[in-house]
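Inspection log for the structure reproduced underneath, given as structure tokens.
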Amino acid sequence: MVKKKTCVFISGKGTNLKNLILQSREKIFPIKISLVISDNKNAYGVIYAKKYQIPYIFINTKLVNYENTILFNLRKYKISFICLAGYMKIVSNKLIKNYQRKIINIHPSLLPKFKGLNTFSRMLKNKEKKGGCTVHYVNEKLDSGNTIIQKKFFINDKDDEKILKYKTQKLEYRAFPEAIIKIFRNS
Ligand code: GRF
């Protein structure tokens, strides 16, 4: 099996990145993490790129040309698939057009509910009964592309934001790899 060369975009802790790197080291996992892009110089997650000797790049999104820098590097590393894993920047239309149905994102809610930021506080405020995560394709609209996989959990009365995050991320570490396997199952 030829693994798809994949770039993971991060902004923060990178626990999903770490999980994907470990999964991708399995022989039968369909992708290889060949590049990590971070828009944040202080992103803790970069430590995993270093540890597993994966090339990583910081992108300064304040520069007008930053999208071209991203595209240049994606081509340089022959990237054919992109995972957004806690990337806090909205992906440009140009990038989406160049990678149609090749960019996926993980979101900490049961989309279409709670698109955008601060999902856990809004869920608690709304007295939601269920939480979860969604892996979806990225299109021009925020958190709106087709769903690939969703995983749910029940919210207890005593759950606070910290617990919701813990429960969500536990599911994310299963959902992201499963979504990738599902995408490449028949290719
Ligand atoms: C995840 O919970 C994901 O759903 C959201 O950002 C978080 C990233 O966490 N998009 P990490 O950086 O992978 O630890």
Side-chain angles (χ1 to χ4, degrees), residues 6-25 29 31 33-52 54 56-59 61 70 81-92 95-96 99 102-124 126 128 130-155 159-183:
T6 298
C7 177
V8 181
F9 284 52
I10 62 164
S11 300
K13 277 189 90 179
T15 60
N16 279 285
L17 166 66
K18 178 188 175 196
N19 181 48
L20 289 180
I21 293 173
L22 294 177
Q23 295 284 340
S24 68
R25 288 158 73 90
F29 199 66
I31 65 164
I33 314 294
S34 303
L35 181 64
V36 173
I37 287 183
S38 171
D39 67 331
N40 170 10
K41 262 205 171 265
N42 301 317
Y44 182 81
V46 171
I47 200 170
Y48 302 116
K50 287 183 190 161
K51 182 169 176 194
Y52 295 100
I54 298 166
Y56 59 91
I57 291 161
F58 295 112
I59 298 290
T61 54
I70 290 179
F81 191 65
I82 294 171
C83 297
L84 307 182
Y87 185 60
M88 300 305 282
K89 196 87 193 156
I90 291 176
V91 176
S92 73
L95 183 58
I96 292 170
Y99 283 86
K102 300 274 185 297
I103 310 177
I104 65 171
N105 178 44
I106 187 148
H107 185 78
S109 80
L110 297 170
L111 292 173
K113 283 185 162 184
F114 306 106
K115 295 175 183 177
L117 297 175
N118 306 317
T119 48
F120 304 129
S121 59
R122 288 188 284 144
M123 279 158 64
L124 290 174
N126 242 32
E128 290 294 310
K130 281 182 218 159
C133 65
T134 306
V135 183
H136 64 93
Y137 286 104
V138 173
N139 66 10
E140 286 81 2
K141 286 193 194 145
L142 181 69
D143 299 329
S144 297
N146 288 347
T147 293
I148 303 153
I149 269 184
Q150 229 168 23
K151 287 194 184 289
K152 296 177 192 165
F153 63 84
F154 286 101
I155 298 176
D159 286 359
D160 56 14
E161 282 188 44
K162 211 172 151 196
I163 293 176
L164 291 188
K165 184 174 175 185
Y166 174 79
K167 286 182 170 179
T168 304
Q169 291 216 309
K170 223 171 132 192
L171 290 183
E172 287 185 345
Y173 305 144
R174 284 172 40 215
F176 223 166
E178 277 180 35
I180 292 166
I181 289 169
K182 191 173 169 191
I183 290 170

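Atoms considered below: every heavy atom in the structure, side chains included; atoms not considered: hydrogens, waters and symmetry mates. Keep in mind the model is a prediction, meaning the values are calculated, not measured. Counting starts at 1 for both ligands and their atoms, in listed order.
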State, with a plain yes or no, whether a side-chain heavy atom of Tyr52 is found less than 4.5 Å away from one of Arg25.
yes
Which of the atoms in ligand 1, numbered in the order shown and given with their element, are less than 4.0 Å from a heavy-atom of Pro108?
4 (O), 5 (C)
Less than 4.0 angstrom from a charged side-chain N to a carboxylate O is my criterion; do Glu178 and Lys151 meet it?
yes
Any chance the side chains of Lys89 and Ser11 put a donor and an acceptor closer than 3.5 Å?
no
Side chains of Tyr173 and Thr15: any donor to acceptor distance under 3.5 Å?
yes
Under 4.0 Å from one or more heavy atoms of Lys13, ligand 1 contributes atoms 12 (O), 14 (O)
Crowded around Tyr44 OH? As in, over 12 foreign heavy atoms under 6.0 Å?
no
Would you say ligand 1 has an N or O under 3.5 Å from any N or O of Gln169?
yes
For atom 10 (N) of ligand 1, what is the closest protein heavy atom, and at what distance to 0.1 Å?
Ile106 O, 2.9 Å
Would you say the side chains of His136 and Asn105 form a donor-acceptor pair under 3.5 Å?
yes
Tell me: protein heavy atom nearest atom 6 (O) of ligand 1, and distance?
Gly86 CA, 3.4 Å
Under a 4.0 angstrom heavy-atom cut-off, which atoms of ligand 1 come close to Glu172?
1 (C), 2 (O), 3 (C), 4 (O)
Note the single closest protein heavy atom to atom 14 (O) of ligand 1, along with its residue, its atom name and the distance in Å.
Thr15 OG1, 2.5 Å
Ligand 1-proximal atoms of His107, by part, heavy-atom distance under 4.0 Å:
backbone
Evaluate the side-chain proximity of Leu84 to Ile103: yes if any heavy-atom separation is below 4.5 Å, no if none is.
yes
Of all the non-hydrogen atoms in the protein, which one sits nearest to atom 12 (O) of ligand 1, and at what distance?
Gly14 N, 2.8 Å
